[in-house]
Amino acid sequence: STGQLFKSLEGHNDGVASAVFSPDGALVLTASEDKTAKLWNSSTGQLFKTLEGHDGWVESAVFSPDGALVLTASFDDTAKLWNSSTGQLFK
């Protein structure tokens with residue numbers, strides 16, 4: 001309610017295209033022009049996992065309704081599905 005900055009999530013090497021909270025609020029998911037998505041601890045601002053595997057900008061990233069999965073969409077013409085706990089790409 002004060003409008004003051006709580007945390008600054010720094011770690012991407014290019015612009016951040018989107019940011020969303022996990023369904024339980026424990027994580028923040030960011031998508032970036034640096035070809036990665038990142039998972040952050042929302043309480044501490046610490047980086048939890050970096051999701052690497054796209055060959056183009058990651059335009060958006062979202063959690064599944066239960067928070068177990070992350071879906072990323074990229075300008076490399078792919079969407080990728082990840083385990084949000086481990087950061088593992090589903091093949």
Q) Under 3.5 Å, is there a donor-acceptor pair between the side chain of Ser32 and the main chain of Val16? A)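 Flag not set: sc Ser32 to bb Val16 has no pair under 3.5 Å.
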Q. Does any N or O in the side chain of Ser42 come within less than 3.5 Å of the main-chain N or O of Gly25, such that one atom is a donor and the other an acceptor?
A.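 Indeed, once roles are kept as given, a pair shorter than 3.5 Å links the two residues.
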Heavy-atom closest pair, residues [X] and [Y]:
X: Ser64; Y: Pro23; answer: O-CG, 3.5 Å
X: Lys49; Y: Ser85; answer: CE-O, 3.9 Å
X: Ser18; Y: Ala61; answer: OG-N, 3.6 Å
X: Leu29; Y: Ala37; answer: CD1-CB, 4.2 Å

(Q) By the definition side chain to side chain contact (heavy atoms under 4.5 Å, CB included), identify the one residue from Leu89, Asp77, Asp34, Asp76 that meets it with His54. (A)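 It is Asp76; the other options fail the test.
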Please determine whether residues [X] and [Y] belong to a single hydrophobic cluster, defined as Ile, Leu, Val, Met, Phe, Trp and Tyr linked transitively by side-chain heavy-atom distances below 4.5 Å.
X: Trp82; Y: Leu39; value: yes
X: Phe21; Y: Leu27; value: no
X: Phe48; Y: Val28; value: no

Q. Has Lys80 got more than 12 heavy atoms of other residues, nucleotides or ligands less than 6.0 Å from its NZ?
A.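 Correct, the count exceeds 12.
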Q) If you draw a 6.0 Å radius around CH2 in Trp57, do more than 12 non-hydrogen atoms from other residues or ligands fall strictly inside? A)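 Incorrect, the count does not exceed 12.
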Q: Decide side chain to side chain donor-acceptor pair (under 3.5 Å) for Glu10 and Ser8; before the verdict, give the C-alpha distance in whole Å, the side-chain angles of both, and the deciding distance to 0.1 Å.
A: CA-CA 6 Å; Glu10 299 177 10; Ser8 183; 3.2 Å; yes
(Q) Assess the residue pair Lys38 and Thr50 against the criterion (side chain to side chain donor-acceptor pair (under 3.5 Å)); give the C-alpha distance rounded to whole Å, side-chain angles, the decisive distance to 0.1 Å, and a yes or no. (A) CA-CA 4 Å; Lys38 293 184 183 287; Thr50 298; 3.0 Å; yes
Q. Could you state the interatomic distance from OG1 (Thr78) to CZ (Phe75), rounded to the nearest 0.5 Å?
A.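 Reported value, rounded in 0.5 Å steps: 12.0 Å.
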Q. How many angstroms lie between CD in Glu33 and CG in Asn13, if you round to the nearest 0.5 Å?
A.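 Result: 12.0 Å between the selected atoms.
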